[in-house]
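First the structure, in the form of C-alpha cells, and then the observations on it.
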Amino acid sequence: MLLLKMAFRNLWRRRFRTGITLFAIGSSFALLLFFVGLTEGSHELMIDLAIRMQAGHVIVQAPEFQKERALELRVTHPEKVLERIGTLPEGWVVTQRIFTTGLLRSADGSVMLDNLMAVDLENEKKISDVPRKIVRGAWLTSGEPGILIGEKAARLLKVDVGDKVVLSCSGLSQKVEERFVVAGVFRIGGDSDRGTAMIGLARGQALLGMGRAISQLAFFMPSETSRDAARMLSAKLADLPVAVLHWEEALPVLTQLLWVDDVSMQVFIFIILGIVAAGIMNTVLMSVMERTRELGILKSLGMRPSSIFHLIMTESTMLGLLAVVVGAAVGLPLVYYFARVGIDPMALTGGEVMEMEGIAFTDRIHPVLRWGSGLTLSGIIIVMTVLSAIWPAFRAMRILPVKALRQM
Amino acid sequence: MSHPIVELQDVHKEYKQGKLEVKAVNGIDLTIEPGEFTAICGPSGSGKTTLLNLIGCLDTPTRGSVHVDGKDVSRLSDSALADLRLRKIGFVFQAYNLVPVLTAFENVELVLALQGVPAAERKKRVLDILDEVGLAELRHRRPMDMSGGQQQRVAVARAVVANPKLVLADEPTANLDSHTGAALLQMMADLNREHQVTFLFSTHDPMVMDYSRRIVRIVDGKISSDDTKAHGAGDRVPAEVEA
Ligand SMILES: Nc1ncnc2c1ncn2[C@@H]1O[C@H](COP(=O)(O)OP(=O)(O)OP(=O)(O)O)[C@@H](O)[C@H]1O
Ligand SMILES: [Mg+2]
C-alpha cells in the first residue's frame, strides 16, 4: 500500500515532465486508435463495395470462371444449386448474374463495356450499391428493355434517360445485337461509370442464348458468418460441377491489398511504439538517476533490490495506465466523431479516386473501432511502457547505497 | 551473557582511484557492546564513513571480518544483507535522509511496512515514537515542509522505530546549528537511556563527543585512541530532569 502511494506520488514529483510523457504516450495511443479505426473502416468499406459489385460473401460459379470470365464457363442449372441448398437461412440474400462484355452505341458514339452485367432485378436491388447511386432515372423494371449505364458512358454516347442505345455482344453461339432504353444513369465513380452497365437477367439470358444458365450465384449474409457459410455451401454442393468461393478467394487482388495494408499498418504501429518506448525509457531512466541518493537511502533502510525494482515498475505501469486513459479520452471521441461524419477518401488520396478490381471507392470512409482492436492496442501500450521501464528499474535495483549516499 | 553487537577484526577497506590505492580503513579492531553511545571521530578523509558503512553492511571489507549481532556478514547475499539492515540496524545520515514524497508519519511507517508489521500496530508504534521525538503534531508534513532539525528527528524516529540492535548515524548534526544539534543529541541520549538503543556516530562535531560516553579516534584508517567516560553530556541526573 505504502509502495503504491510512493509510486503514485513519485509520478507527480515532476508534474511537467510526467505531463509531457503522458501527452506523448497518450496522443500516440489516440493516433493509433484513429489510424487503426480508419484502416478497419476503409477495409470494411472496400470489402463491402467489392463484394456487392463483383462477388458476394460467398459465390457459386463454374470452376474455371475465376480464372477466365468467359460466357461459356457457366452454371447451367442454377435452380439445382438453390434446390440443393433448400430454404435460405434468415438474413441471407442470393442473386444470380451473368458477367460479359459488349459494345454500346448511340447515334453519337460508342462505348466499350468491360463489365456488362445481367442481374436478377429483385434480389440484386437488395444488395447492390447501384440503386443508391442512380443520379437520373430509376432501377430496372422487369419486362422492359431497360439498361442502366454510368454517367461517363451517358456523356460519351450523348444519351440520357429514355434514349435508345444499341447493345452488341458475343452470345454463347453467335454475335447478337439488341436495342435498349436507358432506364437510369448512375455515378459510382472512376472507370465503372464508363465500362459498367446492367440489364435484367431474363433479357440477358435471352439475348446471349444462355437458356437458364448464369455466370454466378452470389450469396450475401452477415459478414462474420461468411466463412462458415462457405464451408456449409461447399459441403452441400460438393457433387455439383460448381466452385464455391469465399470472397477472399474470389477477390484475390482485394485480399492481397488488404493484407499489404494491414502489414503497413502494423509497421506504422511498430514505429510509433518504438519512438514512444524510447521516450518512456529516457523519462524513467532520468527519474531514476536523479533519485539515486533517495533510492540508496531506501536500500540502506533495508528495502530489497527486488522491491526497488518493483517500485520503478509500478511507477511506469501507472504511467502506462494513465496514458491509455488520456489517449482513450482524446482518441475515442475523435474516432466516434469521424465514424459519424465519415471521411472523404479523396482527402486521403489527394483528390484521386481509388479503384480496384473495377470498383471505385468514392463513399465516405467511416472509421470502425472494434472492442478487440481497442483493447489490444491499450494492452500493447501498457505492456510496452512496462517493458521500456525494465532497464531503468534494473539500474535502480543495482544502485549501490555507498555510492549513492556520497551524492548530495 | 549478551554478545557484542558489532565485532570488527583486522578490517581493511581499499578503494582504487585510477592507479592510486586509497586505504580508507587500514586494520581496525573494534567491538561495540549493547547500550553504548559511542562516537567515532577523526579528521576529514580518515575513514569514518567507510567504517560506518562496513558496520552497517552497506559495504564489504577487502580484508578482515565483520560480525553484526554475532553473524559474519561477509557470507550474506544482497537480499540477506538488506534483511539484516532492515531488522537490526537503523540509519541516520547527514542530511536529506527522508523520502520526499512521504509524510513524516509515512517515512517512519515505511520501515515497519517493509518488515511486514500489520497496519494497526504500525500506526500505534509510529505515533508513539513521533510523540517521543516531539513531532506528533507534524506527522502529516512532507520533508520539504519541515526544518532540518525536524527532518533529522524524523530520521532518528525512523531509525529506532523497529527497535534495532544498533543505530548508525553519520554526522547527524553536520547540517544543523548547534542549538538544534544539541536538542537532537539530547533526544538520542534519552532514547539510549530509556530504551537501551545503541548508538554509533561518526563526527567531527565536538558537541557529539561531549554527549558520547566512548570516543574512538581514527586517523588514516587506524584507531589512534579509544576512551570511555562515566557520563555523557546527555546523561541527565534525575534532579536536572525535574528542574
Ligand atoms: N567510493 C570511493 N571511491 C574511492 N575512494 C573513496 C571512496 N569512498 C571513500 N574514499 C576515500 O576513502 C577515504 C576515507 O573516506 P571517508 O569518507 O570514509 O572519510 P570520512 O572520515 O568519512 O571523511 P569526512 O569527514 O570528510 O566525511 C578518503 O580518502 C576518500 O577519498
Ligand atoms: Mg564521512
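Reminder, nothing fancy here: chain letters follow the sequence lines and each chain counts from 1.
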Would you sort out whether A/F309 and A/F394 count as a ring-ring contact (aromatic ring centres under 6.0 Å, His included), showing the intermediate values? CA-CA 6 Å; A/F309 185 83; A/F394 185 73; 7.2 Å; no
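A 6.0 Å sphere centred on NE2 of A/H310 holds no more than 12 heavy atoms belonging to other residues, nucleotides or ligands. Counting heavy atoms of neighbouring residues, nucleotides and ligands inside a 6.0 Å radius, atom CG of B/D220 does not exceed 12 of them. Counted within 6.0 Å of OH on B/Y15, heavy atoms from surrounding residues, nucleotides or ligands total more than 12; the atom is thus considered enclosed.
Between A/M303 and A/L3, some side-chain heavy-atom pair lies under the 4.5 Å cut-off. Looking at heavy atoms from C-beta onward, B/T103 lies in side-chain contact with B/E106 at the 4.5 angstrom threshold. Counting heavy atoms from C-beta on, the side chains of B/D29 and B/Q9 come closer than 4.5 Å.
A donor-acceptor pair under 3.5 Å is absent between the side-chain atoms of B/Q115 and the main chain of B/A162, judged by distance alone.
Note on B/D83, B/I89, B/D170: by heavy-atom pairs under 4.5 Å with chain A, the leading option is B/D83. Heavy-atom pairs under 4.5 Å with chain A were tallied for B/P100, B/C57, B/A113; the largest tally goes to B/P100. Contact count versus chain A (heavy atoms, under 4.5 Å) is highest, among B/L110, B/D78, B/V111, for B/L110.
With a threshold of 4.5 angstrom between heavy atoms, B/E109 approaches chain A through its backbone and through its side chain. Both the backbone and the side chain of B/L102 come within contact range of chain A, judged by heavy atoms closer than 4.5 Å. B/R158 touches chain A through its side chain: at least one heavy atom from C-beta onward sits under 4.5 Å away, while N, CA, C and O do not. Using a 4.5 Å cut-off between heavy atoms, B/N53 contacts chain A through its side chain alone, with no backbone atom that close. Contact annotation for B/R122: neither backbone nor side-chain heavy atoms come within less than 4.5 Å of a heavy atom of chain A.
Taking 4.0 Å as the cut-off between side-chain N and carboxylate O, B/R125 and B/D128 do not count as a salt-bridged pair.
Ring-plane geometry between B/F37 and B/F201 is classed as perpendicular, the angle between the planes exceeding 60 degrees on a 0 to 90 degree scale with a lower cut at 30.
Counting only residues at least two apart or in different chains, ring-ring contact (aromatic ring centres under 6.0 Å, His included) contacts with residues 74-94 of chain B comprise B/F91-B/F93.
Taking non-hydrogen atoms and a 4.5 Å limit, the residue list of residues 294-302 of chain A in contact with chain B, ordered by number, reads A/E294, A/I297, A/L298, A/K299, A/S300, A/L301, A/G302. Taking 4.5 Å as the heavy-atom cut-off, the residues of residues 4-14 of chain A that approach chain B are A/K5, A/M6, A/R9, A/N10, A/R13, ordered by number.
Two rings, from A/F35 and A/F268, have their centers less than 6.0 Å apart.
Legend: residues meeting salt bridge (Lys or Arg N to Asp or Glu O under 4.0 Å) with A/R291, ordered by chain and number and at least two apart, are A/E315.
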